[in-house]
Structures are given as structure tokens and as C-alpha cells.
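Below: one structure, written as C-alpha cells.
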Amino acid sequence: GSSERIAMKWLRFSLLILGVFSLCCATAGDSSGVKKMKMQFRVFEEYTQALYQRYPDIRIEGENYLPFPIYRHIASFLSVFKLLVIGLIIIGRDPFALFGMQAPGIWEWGQGNKIYACMMVFFLSNMIENQLMSTGAFEITLNDVPVWSKLESGHLPSMQQLVQILDNEMKMNVHMNTRHHHS
């Protein structure tokens, strides 16, 4: 009996460590996702101001680049599923009994440490949702023509690069327009 109890203690201890670790990771993942978005938004604002000064008659529109619909569906399913699991933990209803299954050890542990189990479910689910929803995109189009894609290039354009790209595109557009007038 005593060796079993020690084993259980160890299991509980290691689960606790794992939980703390996953909480740290989740909060880190969480804030870095938000930071990334804020940073990209700041970059977008800086670029917008610089471009307005350079091209006063240009119209700039920004919007969030949406991930693949499948990812969006999984993320929204997760956010509902997460609440359901947390609800079950709090009420203490054993969902496995409904299916005539034996409740796994982790469920028993969750019942013993409700607050902790809820936090773990919440953070882990949030971490996965964030990963699914963050595309890391910074896509630039001019007159619906893509001129820069961070998804393809893997990095943000520098201001010089962007101005060069836009200058070239503008020149091409001007040529196109003058050609139309001549013909």
C-alpha cells in the first residue's frame, strides 16, 4: 500500500509540474501572439503614415488576414469545447459514465483539483486556438494586385523596399494609362 501511495504522490507531483509548465508556456504563447499582432499593427500604422506623406491621394485599407476556414472552425469548436469541459469538471459530472467507460486517472485527478484542472484546460485550449488563428500574414496589394506577401517571403518589407515596389507599380500604372490614351 505505501509504495502505491508514494507512486500516486509522485504522479500528482509530476502532473503539478507539468501543469505549471504548460501554464507558463500557454501564457507565453498567448502574450507573444498578442505582441506579434500589436507589432504588426504598429508597423502597419507607421507604413500607412509614411505612404500618405509620399502619395497623398492613395487610399489605404487594412484588415485582418483570416486563417483557413478549417482552422477558424477548429478554433471556434475548441472555445466551446473548452467551456464544456470546464463546466463538467466544476459540476463533477462524469462524462465517461454516460458512455459506460471507466473514467481515466486524469479525470479523477481533475475532480480532486478542480480549479487547477480548469486552468489547465483553459490555457492549453487558448494556446491551441492562438496557434490556429495566428497566420503571421502581412500581405500588401495595390489595386488588388499582390505586391508583397510575408507568408511567402517570411519577413516584413522594409520601408525602402515598400516604397520601391509601390513606385515601380505606380510607374507601370501610369504607363498603362498613357498607352490607353494614345490608342
Pairwise distance [atom1]([X]) to [atom2]([Y]) - rounded to 0.5 angstrom:
{"X": "E129", "Y": "L124", "atom1": "CD", "atom2": "CG", "result": "11.0 Å"}
{"X": "I91", "Y": "Q111", "atom1": "CD1", "atom2": "CD", "result": "10.0 Å"}
{"X": "L78", "Y": "S125", "atom1": "CG", "atom2": "OG", "result": "4.5 Å"}
{"X": "I74", "Y": "S79", "atom1": "CD1", "atom2": "OG", "result": "12.0 Å"}
{"X": "N113", "Y": "M119", "atom1": "CG", "atom2": "CE", "result": "12.0 Å"}

Report task. Report the C-alpha distance between I128 and F123 in whole Å, list the side-chain angles of each, state the deciding distance to 0.1 Å, and finish with yes or no for side chain to side chain contact (heavy atoms under 4.5 Å, CB included). Result -> CA-CA 9 Å; I128 300 167; F123 278 110; over 6 Å; no
Report task. Mind listing the closest non-hydrogen atom pair of N126 and K82 along with its distance? Result ->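 Closest approach of N126 to K82, heavy atoms only: OD1-NZ, 2.8 Å.
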Query raised in the report: Do you know which two heavy atoms are closest between A117 and G110, and how far apart they sit?
Result: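 In terms of heavy atoms, the two residues are closest at CB-CA, 3.7 Å.
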Requested in this report: Output all residues satisfying side-chain contact (heavy atoms from CB on, under 4.5 Å) with Y71, sequence neighbours left out; order by chain, then residue number.
Outcome: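 If we apply the side-chain contact (heavy atoms from CB on, under 4.5 Å) test to Y71, skipping adjacent residues, the hits are P67, F68, L132.
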Query raised in the report: In terms of hydrophobic clusters joined by side-chain contacts under 4.5 Å, are L83 and M127 together?
Result: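 Different hydrophobic clusters.
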**Report entry** Pairing residues for F122 by the ring-ring contact (aromatic ring centres under 6.0 Å, His included) criterion, not counting sequence neighbours
**Finding:**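 Result, ring-ring contact (aromatic ring centres under 6.0 Å, His included) vs F122: none returned.
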Mind listing the side-chain donor-acceptor pairs of residues 98-106 below 3.5 Å, one per line with the distance, residues two or more places apart or on another chain?
none

